Amino acid sequence: MELWNEGYENLVRLLPEFVADAERKFPYASITLTVEAALSLTLDGDQPAVSVPPDDTGITVTLFDGRCIREYGSNDLRSEPLTKTIRQMISDTPVFEPEFTILHPPPAAAEYSLTMDRDPLQVPLAEKLAAMRQVRELALKEELIKHTTVNYGERRWIKVFAGRDRLLRQEVSTLAASYTVYASNGGQTQYCRKGNTGAGGFELLGQYYEPSGIKETTDRAKSLLKAESVPPGYHTLLTAPLISSVIAHEAFGHGVEVDMFLKECARAREFIGKPVAAPIVNMVDHARGQPSSGFYFFDDEGLEARPTQIIKDGVLLSGITDLYSASRLGLPRTPNGRRESFRRKIYSRMSNTFIEPGRSSAEDMLKGIDRGIYLFDGGSGMEDPLGWGIQIDVHAGEEIRNGALTGKVYSPIVLTGYVPDLLKSISAISTEYGIFGLGRCGKTFRKDWILVGCGSPYLSLEGRLT
Amino acid sequence: MKNVMKLIHRQPDLTSWSIREIFDKEWQLYWSVEQCEAERYFEEHYYDTRLFLTNRTDAEVAGQGRVRFRHREPESEVICKFDKGVEQARRCIKRAWPLPVRIEALTPVESCDPEVIAHPRETLHETMAQIWAGLTLTPRVKLSHCEMYIRDRTVQLTTSTGFEGSFQESFFTLYLVALGVNAHNTIDVKVERFRRSPKDLDWNQLTADTARNAIDSLPAKLPTSGAKVVVLCDDVLDSLFDPFIAHANGKLHYQGMSRFSPSTSIIQPCHGDHLTLTSDGLMPRGNETRAFDEDGVPAQKLTVVEQGTFQRPVCSQEYAHFLGLPATGPFTNKVVAVGNHTRAELLASAPEVLQVVSFSSFIPDPYTGSFVGEIRLGYEWRGSEARPVKGGAVSGNLFEAFQQVYFGSNQVFRGDYLGPDTVRLENLTVAGA
């Protein structure tokens, strides 16, 4: 299936003209066109099903009227009605003396495309379903595994951004795969899930559906049948890269979204240039830094991806910005203006956010813990940019005694605390490193979902568990 | 739509199909501190199409494909997507089930406020003015940001089995963050509401409650640790019953994974109030009130748990067919029977009670019923004295905790919930100071 066609090409030719027309009246105008193809498959038990994810194919027209942003979005991409609507919008929208200056990036024209080995759109459906069935068969070979749910998702998108003297185009493919296995001993049932999302082609599926990962997941589900409640209180913790990633994302990912500075809703604003973590902690946001799910070549406001050093040697250096917030606050732009789709506005959002690797080995870090808990499975969280509280939901952890895992499993677990206390308690960071597509990340109220990624090492730290 | 129908009729393998045409128009207003940050409008028109292909030699199995076409999408793209859908139907073979047949008359339901969708922009600005006026009444409270959306949705369903129907929905969405400010601290309070119309909210009450929560959050401390009586109210009620709803789902029953069986008690032993839980798809202006579901199953009211005893699962057309039960559609608006005690009585019924108004996040595991939530705002009650608390966490398992549950006597409407305004649970673990 071809994603792009002559009709879209004709529309793109008109975009610079629309922007120029609008900027004769308004201080800022831009247009974003997205064309997308997505497929989502589920194998629930032995029953396959296709679901249709929201189609984000659409266009957004953005005007700055001197006071606020005015936008029109639509999934009707026919040139003629669109031309009429845009001209009407330019004519009907009043313009005011600008209250602040919008930062225009320098002129540019470029096309970007992510390379991949196998284009998912060209892979036969039968092959995708066969791979999913194989996961189920492998899982069901394990004793006590009674049920499985296997998911597969692919997304290919092309985005075109037209701004003042700026026309950019990018094409990216992401692949998501996950599975949940249910173990039952007759009396009770427990489950365990494994999944990942990455930027790339069908070749990623081999890693995501790896037999060793399936075995590990079934073993964990079975171990959860004997799980106990975690002793509430403060513990020495070793976090697996997945859990470290969620800590990075929730602690100083959401915490430095600069639109929240503008809304007086982020404490980080007062801490720029001050220590917020242990001196061994370095944290970066970079859309092109990893082939993870938050990958892009330029953000939804046409700014090319580049790394943003958020924390350097434990000191908070920078927030991540969108155009409106950076312009209003007079801060430098970072390529983090992102929107869910043409249905929603832009906010400051993360891309791929990661804690950089350290110098310790994970094995030595484990050996160095006399009494503690290894947090290894699951992981979702809730940010609190103003209060700097943190809540990380962990599906499972294991007891550590005298530098070794004991086999005693705890579930479920919640890690809570005050973000700087948690990050300042980090005493070791591993050289080993994991990259994760965390999946969809919501803004403030669990809404405006976008794909983000993360990569992190093992961390030794102190934290409060419930 | 005509292009899709033409393609369907050219494809003799297709045994049945459904086309759900959806047209959304949404107006959005974004307010940041004292300024309007953005105003947006979008529209989206598409056809969610399902294609079924019955095996000629085995009527027990069928393939199912699903594709989405944009309104007035170029014919070449429609053909390409349609072919994909047919390919899916050839490959995704599963147990067959029939679409519902034509229904002569659907029960009328109230899912739209025509006045609001006639004047959406004006309504958003008037509502913003009300919020602003309400919040600024209280010293030390200010607005951080507010987002509001009004959506006008039209749905039309046409199926190969002769079903034809349409309905209109209005949605109002509010995301509001207020700040409590004193010399030492700034604290945020988050409010989200989903209703059919802004008229379904008491704005004076909402802004007064938000301001009070902001002020109370300022001096809030960690709760004390221990096993406690916990009273849940307000936002917590929105997801409290999710594990019960999950286990009432026909799909889980078909898969043999539900913990509920018809005519048996869902909680044993039960020393407190017995749960009565109803799915009410006919509730006027309920968020989940729709004339029919995506298969064409008409809206209905169904009690799934009566006085603690499970009655029957809620079933989509598909799982109803597999289980040999009448189709009900999905669980819609939740109605929970009230109890006999006022909130004040429930708060005073033990020497020490923790009242939780909101968690940072409260998503009980729908399957196991386990939950942990970090307290966003609560109160520790000792007699008539209440101390605001924040931070720390409450954990437990809802299937165990409901062995001794007490429901408040006052009924509250929360969009897709009509039930007690207070729920009291015994012996939950509180981790705090």
Side-chain angles (χ1 to χ4, degrees), chain A residues 1-2 5 7 41 44-52 55 57-58 67-78 125-126 129 147 182 189-191 229 232-233 259 262-265 324 342-345 381-382 384 386-387 389 391 393 411-414 416 444-447 464-466, chain B residues 26 28 30 32-33 35-46 48 64-68 70-72 74 76-77 80-81 84 87-88 91-95 144-145 175 177 179 186-188 190 192 225 251 255 257 360-361 363 365 367-368 370 372-374 390-393 395 429 431:
Chain A
M1 179 184 167
E2 284 301 319
N5 62 38
L41 300 170
D44 194 355
D46 61 356
Q47 302 281 294
V50 182
S51 60
V52 183
D55 180 0
T57 300
R67 291 179 180 170
C68 76
I69 300 291
R70 296 185 180 273
E71 287 194 322
Y72 166 78
S74 175
N75 74 338
D76 186 346
L77 300 182
R78 291 172 300 148
L125 183 64
L129 288 165
H147 184 72
Y182 295 80
T189 302
Q190 284 285 357
Y191 66 89
S229 296
D259 60 333
L262 188 66
K263 293 160 185 166
E264 300 178 16
C265 224
Y324 179 88
F342 67 93
R343 304 171 194 93
R344 292 282 169 256
K345 85 181 271 288
M382 193 70 189
D384 179 13
L386 185 59
Q391 175 180 330
D393 299 336
S411 176
I413 303 168
V414 170
T416 56
T444 311
F445 286 93
R446 292 185 183 267
K447 63 181 186 59
R464 184 176 60 213
L465 301 184
T466 307
Chain B
E26 186 169 293
Q28 304 169 349
Y30 298 80
S32 179
V33 191
Q35 276 152 332
C36 175
E37 181 183 336
E39 270 198 84
R40 304 186 79 253
Y41 167 76
F42 84 80
E43 55 188 34
E44 183 178 19
H45 194 168
Y46 62 94
D48 179 6
Q64 187 180 319
R66 192 163 192 171
V67 278
R68 182 182 289 198
R70 281 180 286 124
H71 183 58
R72 297 194 188 281
S76 59
E77 286 185 41
C80 192
K81 284 185 181 175
K84 285 255 171 193
E87 172 67 5
Q88 289 167 8
R91 298 286 175 191
C92 291
I93 309 295
K94 54 196 286 192
R95 211 175 148 183
S144 163
H145 59 283
Y175 298 111
V177 179
L179 302 173
T186 302
I187 214 98
D188 57 340
K190 298 185 175 90
E192 63 182 329
S225 299
K251 184 176 169 182
Q255 291 172 337
M257 295 181 64
S360 296
S361 167
I363 308 172
D365 187 311
Y367 192 72
T368 64
S370 295
V372 185
E374 189 203 32
K390 185 180 189 310
S395 62
T429 303

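The shown structure was predicted, so the numbers you read here are calculated from the model rather than taken from an experiment. In what follows, every heavy atom counts, from backbone to side chain, and hydrogens, waters and symmetry copies are set aside.
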Residue [X] versus chain A: region with a heavy atom under 4.5 Å:
{"X": "B/T186", "value": "both"}
{"X": "B/I187", "value": "backbone"}
{"X": "B/V372", "value": "both"}

Pairs of heavy atoms under 4.5 Å with chain B: top-ranked of [options]:
{"options": "A/L465, A/D384, A/I413", "answer": "A/D384"}
{"options": "A/D44, A/L129, A/D46, A/T57", "answer": "A/D44"}
{"options": "A/V414, A/L386, A/L262", "answer": "A/L386"}

Do the side chains of [Y] and [X] get nearer than 4.5 Å, heavy atoms only?
{"X": "B/Y30", "Y": "A/I69", "value": "no"}
{"X": "B/D188", "Y": "A/E264", "value": "no"}
{"X": "A/K263", "Y": "B/S144", "value": "yes"}
{"X": "B/F42", "Y": "A/R344", "value": "yes"}
{"X": "A/P232", "Y": "B/T429", "value": "yes"}

In terms of the angle between their ring planes, are B/Y367 and A/Y191 parallel, tilted or perpendicular, with boundaries placed at 30° and 60°?
perpendicular
Given a strict heavy-atom distance threshold of 4.5 Å, which part of [X] is in contact with chain B: side chain, backbone, both, or neither?
{"X": "A/R67", "value": "backbone"}
{"X": "A/T416", "value": "side chain"}
{"X": "A/P48", "value": "both"}

Quick one: does [X]'s side chain have a donor or acceptor within less than 3.5 Å of a partner on [Y]'s backbone?
{"X": "B/E374", "Y": "A/Q391", "answer": "no"}
{"X": "B/S395", "Y": "A/T466", "answer": "no"}
{"X": "A/R343", "Y": "B/E44", "answer": "no"}
{"X": "B/R40", "Y": "A/F342", "answer": "yes"}
{"X": "A/N75", "Y": "B/H45", "answer": "yes"}

Pick whichever of [options] has the most heavy-atom pairs under 4.5 Å with chain A.
{"options": "B/H71, B/E192, B/R68", "answer": "B/R68"}
{"options": "B/K251, B/R95, B/K390, B/K190", "answer": "B/K190"}
{"options": "B/K94, B/R66, B/R70", "answer": "B/R70"}
{"options": "B/C36, B/S225, B/G65", "answer": "B/C36"}

Measure the SG-NE2 distance between A/C265 and B/H145 for me, rounded to the nearest 0.5 Å.
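Between A/C265 SG and B/H145 NE2, I get 5.5 Å after rounding to 0.5 Å.
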Euclidean distance, A/D259 CG relative to B/S32 OG, rounded to 0.5 Å
8.5 Å
Can you name the closest pair of heavy atoms from [X] and [Y] and give their distance?
{"X": "A/R464", "Y": "B/G392", "answer": "NH2-N, 3.7 Å"}
{"X": "A/L125", "Y": "B/E87", "answer": "CD2-O, 3.9 Å"}
{"X": "A/Y72", "Y": "B/E43", "answer": "OH-OE2, 3.7 Å"}

Sequence neighbours excluded, the answer for ring pair (Phe, Tyr, Trp, His ring centres under 6.0 Å) partners of A/H147 is A/Y182
Set out, in order, the CA-CA distance, both residues' side-chain angles and the distance that settles side-chain contact (heavy atoms from CB on, under 4.5 Å) for B/Q28 and A/E71, then state yes or no.
CA-CA 10 Å; B/Q28 304 169 349; A/E71 287 194 322; over 6 Å; no
Please list, chain by chain and in numerical order, all residues satisfying side-chain contact (heavy atoms from CB on, under 4.5 Å) with A/R446, sequence neighbours excluded.
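Result, side-chain contact (heavy atoms from CB on, under 4.5 Å) vs A/R446: A/M382, A/W449, B/S361, B/I363.
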